[in-house]
Amino acid sequence: MSTATLSIDLDALAANWRALDARTSCETAAVVKADGYGLGAGVVAHKLAQTGARRFFVAAAEEGAAVREAVGPGPMICVFSGHMDGDTGLIRNHDLVPMLNSVDQLLRHVESLPHRAFGIQLDTGMNRLGMEPDEWVALKDIALRQMPVLIMSHLACADDPDHPMNAHQLRVFHELTEGIDVSRSLAATGGILLGPDYHFDITRPGVGLYGGLPFDEAVPVVSLDLPVIQIRDLRAGETVGYGNNWTAKRPSRIATVAAGYADGLLRAIGSDNVHLFTQDTSCPLIGRVSMDLITVDITDLAQEPESLALMNTEQGVDDLADAAGTIGYEILTSLGARYKRVYKG
Ligand SMILES: *Cc1c(COP(=O)(O)O)cnc(C)c1O
């Protein structure tokens with residue numbers, strides 16, 4: 001068997017949702033876009049619904065349809081991209097709630113699906129999605145008459161608690177929504193950690209549920225075990241991998257394991273201090289990460305391993321992200337489709 005195993009600990013996922021929920025006195029939703037940050041939106045949403053989540057957020061209507069399949073009728077499924085041309089059937093058939101981003105989307109929604117639930121997304125400074133303040137002020141009375149179920153916005157710098165943008169966006173969000181009797185949501189994982197001023201009625205954590213920063217108290221959710229395909233002995237001076245990138249300084253034993261950048265293990269992780277693990281020993285990743293293979297220096301192991309762990313409690317998504325010069329979000333959502341996925345809990 002030469003397929004790597006990605007293990008997803010659903011009890012850890014549930015524990016992270018509860019821990020984030022315990023940080024606030026309001027409702028905690030769950031963001032399961034991008035196939036549940038790469039871990040399987042259906043399984044993840046089903047577990048979180050059992051744990052108590054009553055509302056899910058996805059990026060696109062197609063993702064919402066898949067989540068509806070998994071959670072059944074009942075939970076609210078909100079779509080960040082709003083009501084796009086061509087979405088009407090999906091929104092109707094799967095009972096989705098679009099977060100409308102513009103006057104065009106509002107018109108499309110009330111014309112094609114009058115009396116069907118929707119929310120409003122406001123831009124408070126990130127300039128990515130949502131109605132501009134001027135647009136909202138002009139549209140507000142008409143929009144409110146259609147009874148939105150949620151008004152939301154998104155913080156651009158919430159992973160940096162000291163960034164002045166946080167307070168600025170909070171002030172703008174208050175100005176745009178004060179006196180309106182509709183549920184409000186501003187905080188994702190980072191916003192929850194900024195404290196109660198940012199919580200409003202509903203929070204929308206994503207990455208923290210999956211064990212990633214900025215939720216530094218998260219329990220790890222993923223582990224990754226890579227089967228060893230071949231082991232060879234090298235003389236000092238021999239080289240390993242593309243570009244002769246690594247040279248043995250001593251007689252060395254090298255293991256080749258089955259996974260590479262085609263499985264989401266970014267080539268850039270090879271340039272830093274990344275290890276693979278047996279139960280009790282860590283072995284350095286050496287040479288370049290190639291498409292399907294990684295090489296590991298196992299000279300110091302007493303026994304030949306059958307597999308080596310690249311992610312475990314010692315080395316998590318954010319450690320690999322640091323090594324690759326990116327963020328845990330990108331590591332999670334890059335994890336390839338080739339792994340055998342094992343869900344625990
Ligand atoms: C992705 C996203 C979230 C979740 O963010 P995390 O940082 O993963 O918690 C919440 N709201 C919006 C609008 C998003 O795009």
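As a basis for the values below, the full set of heavy atoms in this structure was taken, side chains included, without hydrogen atoms, waters or symmetry mates. First listed ligand is number 1; within each ligand, the first listed atom is number 1. This structure is a prediction, so every number in the text was calculated from the model and none was measured.
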*Asks:* Out of curiosity, is Gly190 lining ligand 1, as in a heavy atom under 4.0 Å away?
*Replies:* no
*Asks:* Can you report which non-hydrogen protein atom sits closest to atom 8 (O) of ligand 1, along with the distance?
*Replies:* Tyr37 OH, 2.5 Å
*Asks:* For Phe57, state whether at least one heavy atom is located under 4.0 Å from any atom of ligand 1.
*Replies:* no
*Asks:* Could you identify the single nearest non-hydrogen protein atom to atom 14 (C) of ligand 1 and state the distance to 0.1 Å?
*Replies:* Lys33 NZ, 2.9 Å
*Asks:* Would you mind checking which non-hydrogen protein atom is closest to atom 9 (O) of ligand 1, with the distance to 0.1 Å?
*Replies:* Thr189 OG1, 2.5 Å
*Asks:* Heavy atom of Arg128 under 4.0 Å from ligand 1?
*Replies:* yes
*Asks:* Do the non-hydrogen side-chain atoms of Ile202 and Leu150 ever get within less than 4.5 Å of each other?
*Replies:* yes
*Asks:* More than 12 non-hydrogen atoms from neighbouring residues, nucleotides or ligands closer than 6.0 Å to CZ on Arg232, yes or no?
*Replies:* no
*Asks:* Give me the residue, atom name and distance of the protein heavy atom closest to atom 7 (O) of ligand 1.
*Replies:* Tyr329 OH, 2.6 Å
*Asks:* Would you kindly say whether Ser183 and Asp201 are connected by a side-chain donor-acceptor distance under 3.5 Å?
*Replies:* no
*Asks:* Can you tell whether the side chains of Asp9 and Lys344 come within less than 4.0 Å, N to carboxylate O?
*Replies:* no
*Asks:* Distance under 4.0 Å to a non-hydrogen atom of Pro205: what atoms of ligand 1 satisfy this?
*Replies:* 9 (O)
*Asks:* Have a look at Asp297 and tell me which of Arg250, Lys249, Arg253 forms a salt bridge (charged side-chain N to carboxylate O under 4.0 Å, His left out) with it.
*Replies:* Arg250
*Asks:* Take atom NE2 in His94; do more than 12 heavy atoms of anything else shown fall under 6.0 Å from it?
*Replies:* yes
*Asks:* Is the number of heavy atoms from other residues, nucleotides or ligands under 6.0 Å of Met126 CE greater than 12?
*Replies:* yes
*Asks:* Is the shortest heavy-atom distance from the side chain of Asn166 to the side chain of His163 under 4.5 Å?
*Replies:* yes
*Asks:* Could you check atom 5 (O) of ligand 1 against the protein and tell me its nearest heavy-atom contact, residue, atom and distance included?
*Replies:* Ala188 CB, 3.3 Å
*Asks:* Below the 3.5 angstrom mark, is there an N/O of Val207, backbone or side chain, next to an N/O of ligand 1?
*Replies:* yes
*Asks:* Where's the contact between His154 and ligand 1, heavy-atom distance under 4.0 Å: side chain, backbone, both or neither?
*Replies:* side chain
